[in-house]
Engineer: 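Below you will find the structure I want to go over with you.
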Amino acid sequence: MVDFDNNGQILYQSVGGTTLEAVRRLPCSDSQLALLSAFGLIEWHKEQIRTTIPVLGPEAAAAVREAAADAANVALSGVPKSAGEIVEVLASRGLESSAHAIVFGHALDGVLWGMLRQRGSLPEIELTVDEPFWRGALWAVYPGREGSAGTNERTIANATLVMVWDDESVEALRELESHPGTQELLKTIQPSETGVSLSPILGDDFVVPVVTPDDEIHSISLALARTVTDAMPDADESRSLLAGAGVDASAEEATVIMAHEVIWDVAARLTESGIVDAPAGPTPGGRVFIRIDT
């Protein structure tokens, strides 16, 4: 959404409130304003427009990333051990090339969020009549973090394809997600399997991990995520940090912003140290796994 057209410029222009006339000079169309308003990114009333999400400029981004680096330093006293154990288990199954997918997609950008939600630190995400398109935390940051990644999921029955994407791989992963063979695979996979081949879909002999709540990989991922969560500033500390940099954010929004930066920092350190290899090229190999929720 923020990446569409010049929406980011509109949001930045409207921090603290501005006039419709000023925004139109960017330029900006009524359809853009209507879409940004529908997704809750701006408030648009008559001739006044105001951005409703936290917007971090260079000063705020630097402050958050400094705090995230401090948290990552604390977490790294225990994270490499857990990450190494995940790599060892995967290697014993012939799946070591999927270490990045599991460490990032399952431990860091997966179960960690569940822990934060249990602590009541995250915004509600269930859609409502008033918020039918999106409910959660949205924010904008400049400059963006180089090499940042995220996860997308596709669930059928109790099987979920988890895809770790970045700018290089997002298109290939979209093709994998929409492939008819992927949907059929998710319908038929059994919880007893520890790995399944994607060769009918990708055209090569690539096997991806299958993770269940009883799997050793999951228990190690819990330990890894707990180490990172315990090292993070709490919601009030994160909110105060942003307020000090001139950014108005709720405690829940501040937690989401800080958690992303910590996750990206920890993942980068694990890659730089050689504990977890980054996937090579834009292909899905090494970027996906299947989670079974039983």
Side-chain angles (χ1 to χ4, degrees), residues 79 81-115 149-226 263 266-267 270-271 274-294:
V79 164
K81 179 178 181 296
S82 295
E85 290 174 352
I86 289 174
V87 173
E88 290 177 4
V89 173
L90 289 170
S92 71
R93 301 175 185 179
L95 300 170
E96 59 269 25
S97 61
S98 296
H100 174 75
I102 296 296
V103 171
F104 183 90
H106 188 58
L108 290 173
D109 205 31
V111 296
L112 183 148
W113 294 109
M115 291 180 178
T151 56
N152 283 342
E153 298 184 353
R154 175 64 182 274
T155 300
I156 296 180
N158 65 338
T160 299
L161 175 71
V162 182
M163 299 159 284
V164 177
W165 61 266
D166 53 23
D167 290 341
E168 184 181 30
S169 62
V170 64
E171 290 302 325
L173 290 172
R174 283 174 179 163
E175 291 179 9
L176 173 64
E177 179 184 6
S178 61
H179 194 288
T182 300
Q183 299 170 45
E184 290 304 313
L185 176 65
L186 293 175
K187 291 177 183 178
T188 59
I189 193 168
Q190 299 299 312
S192 59
E193 300 179 82
T194 58
V196 294
S197 175
L198 296 184
S199 57
I201 304 166
L202 298 179
D204 55 15
D205 190 19
F206 188 79
V207 179
V208 301
V210 178
V211 180
T212 69
D214 298 327
D215 195 295
E216 183 181 7
I217 287 175
H218 180 64
S219 63
I220 302 171
S221 295
L222 286 170
L224 191 157
R226 189 172 296 110
I263 287 169
V266 170
L270 290 173
T271 300
I275 297 173
V276 177
D277 292 333
T283 62
R287 301 178 186 274
V288 300
F289 68 95
I290 294 172
R291 186 184 72 239
I292 303 292
D293 299 312
T294 55

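Keep in mind that the numbers below use all heavy atoms, side chains included, and drop hydrogens, waters and symmetry copies.
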Engineer: Salt bridge or not for D215 and R93, using N-O below 4.0 Å?
Structural biologist: yes
Engineer: Can you name the nearest heavy-atom pair linking A149 to W165, along with the distance?
Structural biologist: CB-O, 3.1 Å
Engineer: Applying salt bridge (charged side-chain N to carboxylate O under 4.0 Å, His left out), run through R174 and E177 and close with a yes or a no.
Structural biologist: CA-CA 5 Å; R174 283 174 179 163; E177 179 184 6; over 6 Å; no
Engineer: Is there a donor-acceptor pair closer than 3.5 Å between any side-chain N or O of S97 and the backbone N or O of G286?
Structural biologist: no
Engineer: Begin with the C-alpha distance, continue with both residues' side-chain angles, and end with the deciding distance and a verdict on side-chain contact (heavy atoms from CB on, under 4.5 Å) for V276 and V103.
Structural biologist: CA-CA 8 Å; V276 177; V103 171; 4.0 Å; yes
Engineer: Identify the two heavy atoms, one from L90 and one from A99, that lie closest to each other, and give their separation to 0.1 Å.
Structural biologist: CD1-CA, 3.6 Å
Engineer: Kindly compute the distance separating CZ (F206) from OG (S199), expressed to the nearest 0.5 Å.
Structural biologist: 11.5 Å
Engineer: For V266 and L108, what are the C-alpha separation, side-chain angles and deciding distance, and is it a side-chain contact (heavy atoms from CB on, under 4.5 Å)?
Structural biologist: CA-CA 9 Å; V266 170; L108 290 173; 4.2 Å; yes
Engineer: Drop me the distance from H179's NE2 to Q183's CD, to the nearest 0.5 angstrom.
Structural biologist: 10.0 Å
Engineer: Grab the two heavy atoms, one from D109 and one from I263, that are nearest each other, plus how far apart they are.
Structural biologist: OD1-CD1, 4.0 Å
Engineer: Quick one: OG1 on T194 to CG on L95, what's the gap to the nearest 0.5 Å?
Structural biologist: 6.5 Å
Engineer: Is there a donor-acceptor pair closer than 3.5 Å between any side-chain N or O of E193 and the backbone N or O of Q190?
Structural biologist: yes
Engineer: Using 0.5 Å steps for rounding, measure from the CD1 atom of I102 to the NE2 atom of H100.
Structural biologist: 11.0 Å
Engineer: Hey, could you give me the NE2/CD1 distance between H218 and I292, rounded to the nearest 0.5 Å?
Structural biologist: 13.0 Å
Engineer: At their closest point, which heavy atom of T151 faces which heavy atom of G105, and how far apart are they?
Structural biologist: CG2-CA, 3.7 Å
Engineer: When you compare the side chain of V162 with that of V288, does any pair of heavy atoms fall below 4.5 Å?
Structural biologist: no
Engineer: Do you know which two heavy atoms are closest between A172 and P282, and how far apart they sit?
Structural biologist: CB-O, 3.3 Å
Engineer: Grab the two heavy atoms, one from P191 and one from T212, that are nearest each other, plus how far apart they are.
Structural biologist: O-CG2, 3.5 Å
Engineer: Please verify the inter-ring angle class for H106 with F289; under 30° counts as parallel, over 60° as perpendicular, anything in between as tilted.
Structural biologist: perpendicular
Engineer: Taking it one step at a time, do T182 and R154 satisfy side-chain contact (heavy atoms from CB on, under 4.5 Å)?
Structural biologist: CA-CA 9 Å; T182 300; R154 175 64 182 274; 5.8 Å; no
Engineer: Could you name each residue pair satisfying salt bridge (charged side-chain N to carboxylate O under 4.0 Å, His left out) that touches residues 157-169, not counting sequence neighbours?
Structural biologist: D166-R287, E168-R287
Engineer: Keeping the roles fixed (side chain from T160, backbone from I156), state whether a donor-acceptor pair exists under 3.5 Å.
Structural biologist: no
Engineer: Is any side-chain heavy atom of V207 closer than 4.5 Å to one of L198?
Structural biologist: no
Engineer: Could you name each residue pair satisfying side chain to side chain donor-acceptor pair (under 3.5 Å) that touches residues 82-92, not counting sequence neighbours?
Structural biologist: K81-E85
Engineer: Would you compute the distance between atom OG of S98 and atom CD1 of I86 and round it to the nearest 0.5 angstrom?
Structural biologist: 12.0 Å
Engineer: Could you walk me through whether L112 and R226 pass side-chain contact (heavy atoms from CB on, under 4.5 Å), step by step?
Structural biologist: CA-CA 7 Å; L112 183 148; R226 189 172 296 110; over 6 Å; no
